[in-house]
Amino acid sequence: MTYRAPLADIGLALKHAAGFAPALAGGLYGDLTEDVVDAVLTEAGRFATDVLAPLNQVGDRIGAQFKDGAVTTPPGWKEAYRGWAAAGWNGLAAPADWGGQDLPQALNAACIEMWHSACMAFGLGPMLTMAGIDALVAHGSDMLKAAYLPRLVSGEWMGTMQLTEPQAGSDVGALRTRAERAGDGSYRLSGQKIFITYGEHDLTDNIVHLVLARLPDAPDGTRGISLFLVPKFLPNADGTLGARNDVRAHSIEHKMGIHASPTCTMVMGDHGGATGYLIGEENRGMACMFTMMNRARLAVGLQGVAVAERAMQQALSYARERKQGRTAASAEAGPIISHPDVKRMLLTMRALTRAARAICYATAVAIDRSHRAANDDARHAAADRAALLTPVAKAFSTDIANEVASLGIQVHGGMGYIEETGAAQHYRDARIAAIYEGTNGIQAIDLVTRKLPLANGAAVAEAIADIRHTVAALDAVNDPAFGWTGVRLSDAAESLDRATHWLLAQRGNAAALAGATPFLRLFALALGGTLLADEALAAARLADGSANAAARIACARFFAENIAVHARALEQTVRESADSVNSADAALGD
Ligand SMILES: Cc1cc2nc3c(=O)[nH]c(=O)nc-3n(C[C@H](O)[C@H](O)[C@H](O)COP(=O)(O)OP(=O)(O)OC[C@H]3O[C@@H](n4cnc5c(N)ncnc54)[C@H](O)[C@@H]3O)c2cc1C
């Protein structure tokens, strides 16, 4: 089954749950109009459906091929990439100074979702290029910007992100790749990186690697890491490609999913060291890399939404066609969608996907506000909101992607387990998203240890205040169609508030981190449920009836009554995890 871009869902989530409509009306995006936004979304949906979606199965079946240091992408990949870049999609949110269109990150987020729904293995490469552009814009020297940004923004060259080494995964501070000062302002890098996405390929003539490495006199740990730009080919002064740099792909991995995305082991320094150029300051590389990682973390969250959406579409279509078992309404075998348990699975898939989408888009709008708001206070508050939501967007969306893709297989019954159906590919592709870009466990720890304390707890307090605001709005409309939505979301908000205070009081108590993952889920359930309620309330307000208010209310209600209802138990788990996890050590001893 192919992909249909869910433009109505995307538009509603973006404009009325994530806060894009008020931002647009308030002038955050200058003279950008809703018509332009809608036109961009429609075109992106068309490109994703018509050009990228057909690559998904062939990419999975044939995969990226490695021979003699070169990587060949599957048939159709190169043409699709060139068409995609030529249409300007790579530079949608990049600065106009460097050839981009300076459109909102939030609009780009919606497009990123569509690229990945159509074909996750394709979307991943450009997604890392976009994150690299952000890092270079924020921290690069004028010379580096002038030499690399125009070509990265146009998509003529692609980028990579190189952190991981065999002994340095979650613990980036353990990395050993060395950088020596060359005396002419450049550096020579040597070492090995593993698991590097699109480290080598045939889509572009040059590849721009952003590499973390350590200078000989650097302090230990993350305070001794610097970020370098290492091109595959060193450009000449006139911009043409010059000498081949001392960086190469040694091999690619055979993986569970995203087969067409080459995951490379990279080697630098066979011939005296790869030429690299410092981004930012020496030993301050983690701060620069965080610009790239935060953007990539949101994009990985969007991958989760994307794969969940595609799995959901496929399961829904199958459930309408497949006949099995009598239903209450008929003596004949009916479509499986009429069985309440199948409906439950499909509604769970849809509600989780929409909630994750709204959280990701809300994070993107906060990023836009952090750059574009009129005054410092507003920019800082928005930056804190974006920082708070980023781990939730990444981890919740990718966790639910796994759950939704698994349910997608379940809806198909035995056919879901058979590769030709395509449901299994979504499940295999989705699995990595909870692991890379910082595992979801690391995201939860980041949320609890670094994000809750932001602005002395004010950032999270404001997010909880927004949730209560929606609960009050639900009370005010007093529409019986919402059922227990207001009550369940109010309970979730209070559970989140109590769990937050408890965790803030535990600062320094490492054992409390056993509750980090349940806390992140609790946060996402309260927030996601609220954003779905915002969507439903907005749909009911839209005079033209275009948003099918009854369907939106039903979805928000399902989420609140069936999913957000777990918030209370999660609160309890957060508080009791430290004791129960640590006292259960013995259970792992056998
Ligand atoms: C397909 C693919 C593509 C990738 N692309 C890239 C890329 O482009 N660039 C790049 O640099 N890397 C990339 N990676 C690497 C990826 O980011 C790492 O695999 C990931 O960060 C986890 O590191 P690790 O594999 O060493 O696992 P480990 O760090 O060994 O973690 C193993 C388990 O222990 C847990 N854990 C570890 N430390 C802690 C802790 N302190 N507290 C609690 N739990 C902890 C983790 O959550 C995890 O569950 C890619 C990996 C894959 C498989």
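Counting starts at 1 for both ligands and their atoms, following the listed order.
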Gap separating the NZ atom of Lys451 from the CG atom of Asp446, nearest 0.5 angstrom | 3.5 Å

Hey, are Arg521 and Glu403 close enough for a salt bridge, meaning a charged N less than 4.0 Å from a carboxylate O?
-> yes

N/O donor-acceptor pair under 3.5 Å between Glu571 side chain and Arg498 backbone | no

Does the side chain of Asn440 come under 3.5 Å of the side chain of Thr398 through a donor N or O and an acceptor N or O?
-> yes

Under 3.5 Å side-chain donor-acceptor pair for Glu113 and Tyr361 = yes

May I have a table of the N/O to N/O pairs between ligand 1 and the protein that fall below 3.5 Å, each row giving the two atom names and the distance to 0.1 Å?
| from | atom 1 | to | atom 2 | distance (Å) |
| --- | --- | --- | --- | --- |
| ligand 1 | 5 (N) | Phe195 | O | 2.7 |
| ligand 1 | 5 (N) | Thr197 | OG1 | 2.8 |
| ligand 1 | 8 (O) | Thr197 | N | 3.0 |
| ligand 1 | 8 (O) | Thr197 | OG1 | 3.2 |
| ligand 1 | 9 (N) | Met161 | O | 2.7 |
| ligand 1 | 11 (O) | Leu163 | N | 2.8 |
| ligand 1 | 11 (O) | Thr164 | N | 2.9 |
| ligand 1 | 11 (O) | Thr164 | OG1 | 3.1 |
| ligand 1 | 12 (N) | Thr164 | OG1 | 2.6 |
| ligand 1 | 14 (N) | Phe195 | O | 3.4 |
| ligand 1 | 29 (O) | Ser170 | N | 3.0 |
| ligand 1 | 29 (O) | Ser170 | OG | 2.6 |
| ligand 1 | 47 (O) | Thr439 | OG1 | 2.7 |

For salt bridge (Lys or Arg N to Asp or Glu O under 4.0 Å), just list the numbers for Glu200 and Lys232, CA-CA rounded to whole Å, side-chain angles, deciding distance to a tenth of an Å, and then say yes or no.
-> CA-CA 9 Å; Glu200 178 59 50; Lys232 176 177 167 186; 2.9 Å; yes

